[in-house]
Amino acid sequence: MKLSVLILAYNHEKFITQALDSVLIQQVDFDYEIVIGEDCSTDNTRDILIGYQQEHPEKIRLLLPEKNLGMHDNFIQTFKACRGKYIALLEGDDYWTSPDKLQKQVDFLDTHTDYTICFHNALYLYQDGSTKCFMPPENWKNTFTLEDILSSNIMSFASIVFRQGFIEEFPDWMYDINFVDWILQILLAQHGNIGYINETMNVYRIHPNGNWSWRTQIEMRLEILKAYHYIENYLDSKYQNKIRRVISENYKLLCIDYMQNDDRKNARKFLNKFLLQDFLNNLMLSDLSLKTSFLMNIYLPALYKILKKVKYTFISKVVSEKII
C-alpha cells in the first residue's frame with residue numbers, strides 16, 4: 001500500500017461528508033486506503049461513516065471503539081492501523097481543495113528520499129465566511145528543518161503527508177499536550193528534512209467546537225509553553241538554546257497578555273520567569289527598554305503612569321512647537 005489517509009472524526013456530522021468527498025476525488029496513480037478513527041460521536045457522524053464504508057468497502061476502513069478514547073488514543077490507534085508507506089492527515093471538520101494534492105506530495109517524497117514530511121499552505125475558514133491563508137513566514141524556501149518548526153507550528157494538520165517507519169511509540173508526555181500534530185512533526189523532523197509546496201490545498205475550519213480554536217489566547221500560550229518544556233527535556237542538547245529563546249519569548253507574550261487583562265499577579269509571575277530565562281541565556285541586555293517598562297508598569301504602576309503622562313506631554317509639546 002502506497003499511502004494511508006488517516007482521518008480523525010468526532011462530532012463532525014456537519015462536515016464529514018465534505019471531508020470524505022475531498023479524499024475520494026483524489027486523482028492518483030497509486031493505491032491508497034482511508035483509515036478513520038471515529039471516537040464515539042454523540043451526533044450522526046458514525047452513521048454517516050458507516051454509510052460511506054458500505055459504499056466503498058475496498059477503500060475505507062473504520063475503527064469504531066465501544067467507548068470514547070479521547071484525542072490522543074484515537075490518534076495513536078488510527079496511526080498504528082495505517083498500512084501505507086506514507087500517511088496523509090485529515091480531521092473530519094476540514095477538507096482538501098485540490099484533487100492533485102496527494103499525487104504532488106507523494107511524488108515529492110518519492111524523489112526526495114531524505115525528507116520525512118511534505119506540506120503545503122492552508123486556507124483558514126472562519127464562521128463568518130472570511131478566510132485567511134496560512135503559510136510559513138519564509139514561504140520562499142522549499143526546505144524546512146526541525147529548527148524551523150521549533151520556532152512555531154508552520155503546518156496545518158490536513159496539509160501534512162509523512163513517511164512511515166520513524167515512530168514506533170509516542171512519548172508518554174504527549175498525553176499531557178492538547179495537540180498532537182506539532183509533536184508529531186517534531187518527532188519526524190529529527191530524521192530528515194521537511195519539503196514545502198507553495199500551494200493552498202486544504203481548508204482548516206475555525207469554529208467553537210474545534211479542539212484548539214475555542215481556547216483563549218492565554219490558554220493557548222500556556223499549552224504551548226507546557227509543550228516547549230517537555231520538548232526541551234526530550235530533544236538533543238544542540239537544540240536547547242533555540243528552545244530556551246522561544247520559551248523566553250512566550251513568557252514575555254504571556255506577561256503582555258496578563259497585563260492587558262489587568263491581571264498583575266500573573267503578569268508579575270511571567271515577568272519574573274521572562275527575566276530569569278533571559279538571565280540564564282545571557283540575554284538580559286536585549287529588549288532592555290521593554291523590560292524596564294514591564295518592571296515599572298507591574299511593580300511601580302503609579303510611577304509608571306506619571307512618567308508615561310510626562311513623556312506624552314513632552315512629545316506633544318515638541319510636536320506642537322515644530323508645527324508652529
Task: Non-hydrogen side-chain atoms of Leu235 and Leu150 separated by less than 4.5 Å - done: yes
- [ ] Please check if the side chain of Arg163 supplies one atom and the backbone of Leu109 the other of a donor-acceptor pair under 3.5 Å.
- [x] yes
Open item on the list: Donor-acceptor pair, distance only, cut-off 3.5 Å: does the side chain of Gln54 make one with the backbone of Gly51?
Closed with: no
Open item on the list: Just by distance, no angles: are the side chains of Lys242 and Ser151 close enough, under 3.5 Å, to form a donor-acceptor pair?
Closed with: yes
Open item on the list: Check whether Glu249 reaches the backbone of Arg245 with its side chain - one donor and one acceptor, N or O, closer than 3.5 Å.
Closed with: no
Task: Residues Asp257, Gln217; criterion side chain to side chain donor-acceptor pair (under 3.5 Å); working and verdict - done: CA-CA 8 Å; Asp257 290 338; Gln217 184 69 36; 4.8 Å; no
Task: Between Gln18 and Arg205: side-chain donor-acceptor atoms closer than 3.5 Å - done: yes
Task: Tyr230-Asp176 side chain donor-acceptor pair, cut-off 3.5 Å - done: yes
Open item on the list: Between Val246 and Ile224, is there shared hydrophobic-cluster membership here, with clusters defined by ILVMFWY side-chain heavy atoms closer than 4.5 Å?
Closed with: yes
Task: Steps toward side chain to side chain contact (heavy atoms under 4.5 Å, CB included) verdict (Glu147, Tyr239) - done: CA-CA 8 Å; Glu147 287 273 353; Tyr239 299 107; 3.7 Å; yes
Open item on the list: I'd like to know if Ile16 and Ile50 are part of one continuous hydrophobic network [Ile/Leu/Val/Met/Phe/Trp/Tyr, side-chain heavy atoms within less than 4.5 Å].
Closed with: yes
TODO: Check the hydrophobic clustering (I, L, V, M, F, W, Y; side-chain heavy atoms under 4.5 Å; chains of links allowed) and say if Ile167 and Ile177 are grouped together.
DONE: yes
TODO: Step by step, work out the side chain to side chain contact (heavy atoms under 4.5 Å, CB included) result for Ile7 and Leu20.
DONE: CA-CA 9 Å; Ile7 298 181; Leu20 274 174; 3.9 Å; yes
- [ ] Measure the acute angle between the ring planes of His229 and Tyr251, then classify it against the limits of 30° and 60° as parallel, tilted or perpendicular.
- [x] tilted
Task: Closest non-hydrogen atom pair, Leu90 against Ala19 - done: CD2-O, 3.8 Å
Open item on the list: So if I apply the salt bridge (Lys or Arg N to Asp or Glu O under 4.0 Å) rule between Glu33 and each of Lys85, Arg61, Lys59, which one comes out positive?
Closed with: Arg61
Open item on the list: Does any part of the side chain of Thr116, heavy atoms only, come nearer than 4.5 Å to the side chain of Phe162, both counted from C-beta?
Closed with: no
Open item on the list: Return the SG to CG distance between Cys255 and Asn250, rounded to the nearest 0.5 Å.
Closed with: 12.5 Å
Open item on the list: Please determine whether the number of non-hydrogen atoms from other residues, nucleotides or ligands lying under 6.0 Å from atom CG of Asp172 exceeds 12.
Closed with: no
Open item on the list: Count I, L, V, M, F, W, Y as connected when their side-chain heavy atoms are under 4.5 Å apart, and connections chain through other members. Are Ile36 and Leu102 then in the same cluster?
Closed with: yes
Open item on the list: Once rounded to the nearest 0.5 Å, what's the spacing between atom CG of Asn74 and atom SG of Cys40?
Closed with: 9.0 Å
Open item on the list: For Asp21 and Tyr52, which I'm curious about, is there any donor-acceptor pair between the side chains at under 3.5 Å?
Closed with: yes
Open item on the list: Could you tell me if Thr42 and Asn11 have a donor-acceptor pair between their side chains, going purely by distance under 3.5 Å?
Closed with: yes
- [ ] Determine the interplanar angle of the His191 and Phe166 rings, folded into 0 to 90°, and report it as parallel if under 30°, tilted if 30 to 60°, perpendicular if over 60°.
- [x] parallel
- [ ] Using a strict cut-off of less than 4.0 Å between a Lys/Arg side-chain nitrogen and an Asp/Glu carboxylate oxygen, indicate whether Asp148 and Lys141 qualify as a salt bridge.
- [x] yes
Open item on the list: Could you check whether any side-chain heavy atom of Trp182 comes within less than 4.5 Å of a side-chain heavy atom of Gln185, counting everything from C-beta outward?
Closed with: yes
Task: Polar side-chain atom of Ser4 near backbone of Leu6 as donor-acceptor pair, under 3.5 Å - done: no
Task: Single-linkage hydrophobic cluster, 4.5 Å side-chain cutoff, Ile183 and Leu222 together - done: yes
Open item on the list: Quick one, Ile247 with Leu225, criterion side chain to side chain contact (heavy atoms under 4.5 Å, CB included). Give me CA distance, side-chain angles, the key distance, then yes/no.
Closed with: CA-CA 6 Å; Ile247 288 174; Leu225 260 175; 3.8 Å; yes
Task: Closest non-hydrogen atom pair between Asp39 and Tyr10, with its separation - done: O-CD1, 3.1 Å
Task: Separation of His12 NE2 from Asn44 CG (nearest 0.5 Å) - done: 14.0 Å
- [ ] Kindly indicate whether the side chain of Leu184, heavy atoms from C-beta on, has any atom under 4.5 Å from the side chain of Leu89.
- [x] yes
TODO: Among Asp31, Asp29, Asp110, find the residue that satisfies the side-chain hydrogen bond (donor to acceptor under 3.5 Å, both in side chains) test when tested with Lys2.
DONE: Asp110
Task: Ile34 side chain near Leu24 side chain, heavy-atom distance below 4.5 Å - done: yes
TODO: Nearest 0.5 Å please: distance from the CD atom of Glu223 over to the CE atom of Met220.
DONE: 10.5 Å
Task: Ionic contact status for Glu169 with Lys80, cut-off 4.0 Å - done: yes
Open item on the list: I need the minimum non-hydrogen distance between Cys133 and Asn121, along with the two atoms involved.
Closed with: SG-CB, 4.2 Å
Open item on the list: Just so I know, are the side chains of Phe119 and Ile197 near enough to count as touching, which here means a heavy-atom distance under 4.5 Å?
Closed with: no
TODO: Could you tell me whether the side chain of Asn261 and the main chain of Asp263 form a donor-acceptor pair under 3.5 Å?
DONE: no
TODO: Begin with the C-alpha distance, continue with both residues' side-chain angles, and end with the deciding distance and a verdict on ring-ring contact (aromatic ring centres under 6.0 Å, His included) for Phe170 and Tyr175.
DONE: CA-CA 9 Å; Phe170 289 89; Tyr175 283 90; 9.0 Å; no
- [ ] Write down the atom of Leu64, the atom of Glu38, and the distance for their closest heavy-atom approach.
- [x] CD2-CB, 3.8 Å
Open item on the list: Once rounded to the nearest 0.5 Å, what's the spacing between atom CD1 of Ile194 and atom CD1 of Ile154?
Closed with: 5.5 Å
- [ ] For a ring pair (Phe, Tyr, Trp, His ring centres under 6.0 Å) with Tyr196, tell me which candidate from Phe144, Trp140, Phe108 qualifies.
- [x] Phe144
- [ ] Can you label the angle between the Tyr115 ring and the His112 ring as parallel, tilted or perpendicular, going by 30° and 60°?
- [x] perpendicular
Open item on the list: Looking at Lys104 and Glu199, is any side-chain nitrogen of the basic one under 4.0 Å from a carboxylate oxygen of the acidic one?
Closed with: yes
Open item on the list: Could you measure the distance from the CE atom of Met135 to the OG atom of Ser156? Nearest 0.5 Å is fine.
Closed with: 12.5 Å
Open item on the list: Measuring only between side-chain heavy atoms, which start at C-beta, is Ile149 closer than 4.5 Å to Met155?
Closed with: yes
Open item on the list: Can you confirm whether Val5 sits close enough to Tyr32 that some side-chain heavy atom of one is under 4.5 Å from a side-chain heavy atom of the other?
Closed with: yes
TODO: Answer with yes or no after comparing the ring centroid distance for Phe157 and Tyr204 against a 6.0 Å cut-off, counting only values under it.
DONE: no
- [ ] Determine, step by step, whether Thr131 and Tyr124 satisfy the side chain to side chain contact (heavy atoms under 4.5 Å, CB included) criterion, reporting the C-alpha distance in whole Å, the side-chain angles of both residues, the deciding distance to 0.1 Å, and the verdict.
- [x] CA-CA 5 Å; Thr131 59; Tyr124 279 18; over 6 Å; no
- [ ] Provide the closest heavy-atom pair for Phe134 versus Asn153 in the form atom of the first, atom of the second, distance.
- [x] CZ-O, 3.4 Å
TODO: For Ile48 and Glu13, work out which heavy atoms get closest and say how close.
DONE: CD1-O, 3.8 Å
